[in-house]
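Values in this document were obtained by computation on a predicted structure and should not be read as measured data.
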Amino acid sequence: MLCLAVALLARRQEGLNSVRSNLQETSPGSIVETFPTDTSPSNLKEAFQSIKTHSSFKDLKLKVAVYSVKHSSKKPFMNETYEEFTESLEQYVGGAFTFSQEALKLFFEHHGESSLSETGEKKGTLIFTGTLGALRCNAEFAAYGAGRSSVRQLAQTLAREISAKGLHVVHTIANGAIEDKNGEDQRIGKKMSAEAVGKTYLWLSQQEPELWTHELDMRPAAEKF
C-alpha cells in the first residue's frame with residue numbers, strides 16, 4: 001500500500017474535505033492536509049507558507065507539485081470586455097506563474113540547486129494539467145484559449161530552463177471529463193477516472209533522468225479526437 005503526504009489546495013473547503021476523505025479511505029495511513037485558496041498571488045503564497053511550516057510535513061521534502069485548475073470562459077468575442085478577458089488570464093495564467101515560483105522555491109530549498117550533471121539526481125516533478133484548449137479552441141473561447149495555451153508555453157519554457165537542475169516539468173492535455181469514481185462511464189471509456197489520472201501522474205513522477213515525458217495527451221477510449 002502506497003502511503004502519501006499530500007497538501008491539497010482548492011477554492012472551496014467542502015471540495016477539499018471530499019477529496020481528503022476519499023484519499024484517506026483509499027490510501028490508509030497517508031497524510032492529507034487541506035489549504036483553501038484561490039489563485040491570487042497573495043493567497044497562493046500564504047498557502048505555500050502554511051504548507052512549509054505545517055507540522056505534518058516536518059522533515060518531508062517536496063517531490064511532486066500539480067497545478068490543476070478548472071477554469072473556463074465562453075462569450076462572443078465582441079461582447080467580451082477587456083476587463084473580463086484580462087481577469088480570466090490573471091486568474092489562470094497568473095495563478096500558474098505564482099504556483100510555479102512558489103513550488104520551485106520549495107523544491108530548491110528541499111533539494112538544493114546543484115545541477116543534474118553534478119548530482120545525477122532528480123529533484124522532483126512539476127505537472128500542469130491542461131486541456132485541448134491549449135492546442136485549439138472553438139468559437140467564443142478567446143480568453144479560455146489564450147489562458148490554456150499560455151500555460152502550455154509556460155511549461156515549455158520552464159522545462160527548458162530548469163530540467164538541467166534536475167526538475168521534471170510536464171504539461172498534460174486532459175481531453176475529456178474526469179470523475180472521482182470508477183463506474184460504468186469509466187468501464188466503457190466514456191470518462192476518465194481521477195484514480196487513473198493519479199496513477200499516470202505517479203508514473204510521471206517516477207521517471208528517471210534518462211527519459212522524461214514533457215507533454216502527454218490523456219483521453220478516455222471513447223473520446224473523439
Side-chain angles (χ1 to χ4, degrees), residues 2 4 6 8-12 15-16 18-20 22-23 25-27 39 63-75 88-89 91-93 95-97 99-100 103 122 124-160 163 167-208 210-225:
L2 180 65
L4 307 169
V6 181
L8 292 171
L9 284 68
R11 296 184 184 95
R12 295 181 294 275
L16 287 168
S18 175
V19 176
R20 177 172 58 185
N22 185 49
L23 280 174
E25 180 180 338
T26 56
S27 301
T39 59
K63 297 298 294 181
V64 185
V66 179
Y67 184 74
S68 182
V69 176
K70 187 175 182 179
H71 179 264
S72 184
S73 176
K74 181 182 180 182
K75 180 171 285 191
S88 176
L89 294 180
Q91 289 177 353
Y92 185 66
V93 185
F97 173 85
F99 182 91
S100 301
K122 179 178 181 176
T125 306
L126 174 61
I127 302 174
F128 298 89
T129 304
T131 66
L132 195 60
L135 302 178
R136 60 182 185 271
C137 266
N138 291 323
E140 301 184 358
F141 283 94
Y144 176 75
R148 291 289 176 173
S149 58
S150 293
V151 171
R152 181 176 181 241
Q153 294 299 317
L154 173 64
Q156 285 188 16
T157 191
L158 284 176
R160 292 186 171 103
S163 290
L167 278 162
H168 180 192
V169 181
V170 183
H171 181 264
T172 66
I173 303 291
N175 184 11
I178 302 172
E179 290 185 333
D180 193 11
K181 62 173 67 172
N182 286 292
E184 181 65 12
D185 283 344
Q186 284 70 38
R187 188 187 70 81
I188 63 174
K190 186 177 180 180
K191 296 179 181 179
M192 290 179 276
S193 70
E195 181 181 2
V197 174
K199 287 178 179 178
T200 300
Y201 283 8
L202 179 63
W203 168 71
L204 290 167
S205 74
Q206 293 170 340
Q207 290 184 345
E208 295 298 335
E210 68 266 20
L211 190 156
W212 281 357
T213 298
H214 172 64
E215 188 153 77
L216 182 66
D217 190 58
M218 306 186 301
R219 66 170 63 88
E223 184 74 21
K224 294 181 180 180
F225 65 100

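Counting heavy atoms from C-beta on, the side chains of L154 and V93 never come closer than 4.5 Å. Under the 4.5 Å side-chain criterion, counting only non-hydrogen atoms from C-beta, I188 is in contact with E184. Between F99 and L126, the closest side-chain pair of non-hydrogen atoms falls below 4.5 Å.
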**OP:** List the steps, then state whether salt bridge (charged side-chain N to carboxylate O under 4.0 Å, His left out) holds for R219 with D217.
**Re:** CA-CA 7 Å; R219 66 170 63 88; D217 190 58; 2.4 Å; yes
Subject >> Residues N175, F225; criterion side-chain contact (heavy atoms from CB on, under 4.5 Å); working and verdict >> reply: CA-CA 8 Å; N175 184 11; F225 65 100; 3.9 Å; yes
Original post:
What's the verdict on side-chain contact (heavy atoms from CB on, under 4.5 Å) for F141 and S73, showing C-alpha distance, side-chain angles and the deciding distance?
Top reply: CA-CA 6 Å; F141 283 94; S73 176; over 6 Å; no
Subject >> Check against side-chain contact (heavy atoms from CB on, under 4.5 Å), V197 and T129 >> reply: CA-CA 10 Å; V197 174; T129 304; 5.9 Å; no
**OP:** Might you work through the salt bridge (charged side-chain N to carboxylate O under 4.0 Å, His left out) test for E223 and K190, ending with a clear yes or no?
**Re:** CA-CA 6 Å; E223 184 74 21; K190 186 177 180 180; over 6 Å; no
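H168 places a side-chain N or O within 3.5 Å of a backbone atom of T213 that can act as its donor or acceptor partner. With hydrogens and angles disregarded, no donor-acceptor distance shorter than 3.5 Å links the side chain of R11 to the backbone of T39. No donor-acceptor pair closer than 3.5 Å links the side chain of K75 to the backbone N or O of A143. Remark: side-chain polar atoms of Q186 are paired, donor with acceptor, to backbone N or O of G183 under 3.5 angstrom. Not one N or O on the side chain of S18 forms a donor-acceptor pair closer than 3.5 Å with the backbone of G15. Within the 3.5 Å criterion, the main-chain N or O of F128 finds no donor-acceptor partner in the side chain of Y67. For K181 (side chain) and S193 (main-chain N/O), no donor-acceptor pair under 3.5 Å exists by modelled atom type. Between the H214 side chain and the A159 main chain, no donor and acceptor come within less than 3.5 Å of each other. At least one donor-acceptor pair closer than 3.5 Å links the side chain of T131 to the backbone N or O of G133.
Note that the CZ atom of R148 and the CD atom of Q153 stand 15.0 Å from one another [nearest 0.5 Å]. Here K74 contributes atom NZ and S88 contributes atom OG; the two are 14.5 Å apart, rounded to the nearest 0.5 Å. With rounding to the nearest 0.5 angstrom, the CG atom of N182 is 13.0 Å from the CE atom of M192. To the nearest 0.5 Å, atoms CD (E210) and CD (Q207) are separated by 9.0 Å. From E195, atom CD reaches atom CG of N22 across 9.0 Å, with rounding to the nearest 0.5 Å. From Q156, atom CD reaches atom NE2 of H171 across 8.5 Å, with rounding to the nearest 0.5 Å.
Closest of all the heavy-atom pairs between G145 and C137 is CA-SG, 3.2 Å. Heavy-atom minimum distance, P220 versus G176: CD-CA, 4.2 Å. When every heavy atom of W203 is checked against every heavy atom of L216, the shortest pair comes out as CZ3-CD2, 4.4 Å. Of all heavy-atom pairs spanning L135 and I173, the tightest one is CG-CD1, 4.2 Å. Across all non-hydrogen atoms, the minimal contact from M218 to Y201 is CE-OH, 3.8 Å. Shown here for D185 and E179, the closest heavy-atom pair between the two residues is OD2-OE1, 4.4 Å.
S150 and Y92 share no side-chain donor-acceptor pair at under 3.5 Å.
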